[in-house]
Chemist: 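Dumping the structure here so I can ask a few things about it.
Please read these numbers as outputs of a predicted model, since none were measured by experiment.
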Amino acid sequence: MGRNGTVFGINAVLVVACLAVLRLCSAQTVHVVGGSSGWKIPSPSSFYSTWAATQTFNVGDILEFNFATNSHTVATVSQSDYTSCSTASPISIKTTGPANITVAAGTTYFICTFTGHCDAGQKLAVTASSSSSTTSSPPPPATSPAASTTPPPPAAASSPATSPPPPPSPAGSGATPAAAAGVFGSLATVVMAVVMAFVY
């Protein structure tokens, strides 16, 4: 292979590397719901709406709900069921923790279906679009005066057999790059293909 072939090969590798970096920049993010607190009955009840307001959600990101199985659930519900904390007709439900859910465009609503948990604030609304400029979540709906004067029912007592929630993610911030290893694996595969194309 002559000098022109070597220069072409180097340029091809640089183009592939640039494409891989661009892909890494647009990689999905894993949002650990509630950060190190996880998915549980919050204190204060506005905890999850406050947490969501500090996050930027994009289509394809992952919401990681860390909770102890048999102590909580994650149900995707309609806006009206979110507002009223109705567990009668969930769109989908995850009963085993931790649970990962891919963020879709628009606003998606999540609640815990255990009695009293949603009323105590264990609910989350996430708004995302395909643009990386969309930020935060809608504010929580105002509670009616009747609901605010009634104390929430006591949480279900956990049995000694209930396992503790999984440990928080290392960063503790609630967001970690999920696709980095996959991108670098893809980069290695592409670079190998380019090298093999010039060898043969």
Chemist: Find the distance between NE2 (His117) and CZ (Phe67) and round it off to the nearest 0.5 Å.
Modeler: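 If we round to the nearest 0.5 Å, His117:NE2 and Phe67:CZ are 12.0 Å apart.
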Chemist: Give me each pair satisfying side-chain hydrogen bond (donor to acceptor under 3.5 Å, both in side chains) with a member in residues 91-105, each pair once, sequence neighbours excluded.
Modeler: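 Found Thr76-Ser92.
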Chemist: Would you say that Val103 contacts Leu63 through its side chain, given a criterion of any heavy-atom pair below 4.5 Å between the two side chains?
Modeler: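 Touching, per the 4.5 Å side-chain cut-off.
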Chemist: Trp51 and Val32: which non-hydrogen atoms are nearest, and at how many Å?
Modeler: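 That closest heavy-atom pairing would be CZ2-O, 3.2 Å.
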Chemist: Look at the rings of Phe114 and His72 and say which category their plane angle falls in: under 30° parallel, 30 to 60° tilted, over 60° perpendicular.
Modeler: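 Answer is tilted, since the angle falls between 30° and 60°.
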Chemist: Output, in order, the C-alpha distance, side-chain angles, deciding distance and verdict of side-chain contact (heavy atoms from CB on, under 4.5 Å) for Ile101 and Val74.
Modeler: CA-CA 9 Å; Ile101 298 175; Val74 180; 3.7 Å; yes
Chemist: Output the distance between atom OG1 (Thr56) and atom NE2 (His31), rounded to the nearest 0.5 Å.
Modeler: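 Answer for the OG1-NE2 pair, Thr56 versus His31, is 7.5 Å.
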Chemist: Starting at OG of Ser86, measure out to CD1 of Ile111 and round the result to the nearest 0.5 Å.
Modeler: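 Ser86 OG to Ile111 CD1: 7.0 Å, rounded to 0.5 Å.
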Chemist: Checking Lys123 side chain against Tyr82 main chain: does a donor-acceptor pair fall under 3.5 Å?
Modeler: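 A pair under 3.5 Å: yes.
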Chemist: Over all heavy atoms of both residues, which pair between Ala125 and Ala52 is shortest? Give the atoms and the distance, please.
Modeler: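 Looking at all heavy atoms of both residues, the shortest contact is O-CB, 4.1 Å.
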Chemist: Looking at Cys85 and Asp119, what are the two nearest heavy atoms and their distance?
Modeler: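 Result for this residue pair: CB-OD1, 3.4 Å.
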Chemist: Kindly say whether Val30 contributes a backbone atom to a donor-acceptor pair with the side chain of Asp61 at under 3.5 angstrom?
Modeler: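 Answer holds: no.
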Chemist: Could you walk me through whether Thr87 and Thr113 pass the side-chain hydrogen bond (donor to acceptor under 3.5 Å, both in side chains) check?
Modeler: CA-CA 6 Å; Thr87 61; Thr113 61; over 6 Å; no
Chemist: About how many Å separate CD of Gln55 and CG of Leu124, when rounded to the nearest 0.5 Å?
Modeler: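 Those atoms lie 9.5 Å apart.
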Chemist: Hey, what do you get for Cys118 versus Cys112: SG atoms under 2.5 Å apart or not?
Modeler: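 With an SG-SG separation of 2.5 Å or more, Cys118 and Cys112 do not form a disulfide.
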Chemist: Has Ser78 got a side-chain atom pairing as donor or acceptor with Asp81's backbone, closer than 3.5 angstrom?
Modeler: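 Checking the backbone N and O of Asp81 against the side chain of Ser78, a donor-acceptor pair under 3.5 Å is found.
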Chemist: Search all heavy atoms of Ala120 against all heavy atoms of Ser45 and return the closest pair with its distance.
Modeler: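 In terms of heavy atoms, the two residues are closest at O-CB, 3.4 Å.
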Chemist: Of all residues at least two apart in sequence or in a different chain, which pass the ring pair (Phe, Tyr, Trp, His ring centres under 6.0 Å) check with Phe65?
Modeler: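 Ring pair (Phe, Tyr, Trp, His ring centres under 6.0 Å) list for Phe65, sorted by chain: Trp39, Phe110.
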Chemist: Search all heavy atoms of Tyr48 against all heavy atoms of Gly121 and return the closest pair with its distance.
Modeler: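 What the structure gives for the nearest pair is CD1-O, 3.5 Å.
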Chemist: To the nearest 0.5 Å, tell me how far Phe57 CZ sits from Ile62 CD1.
Modeler: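 So the gap between those two atoms works out to 12.5 Å.
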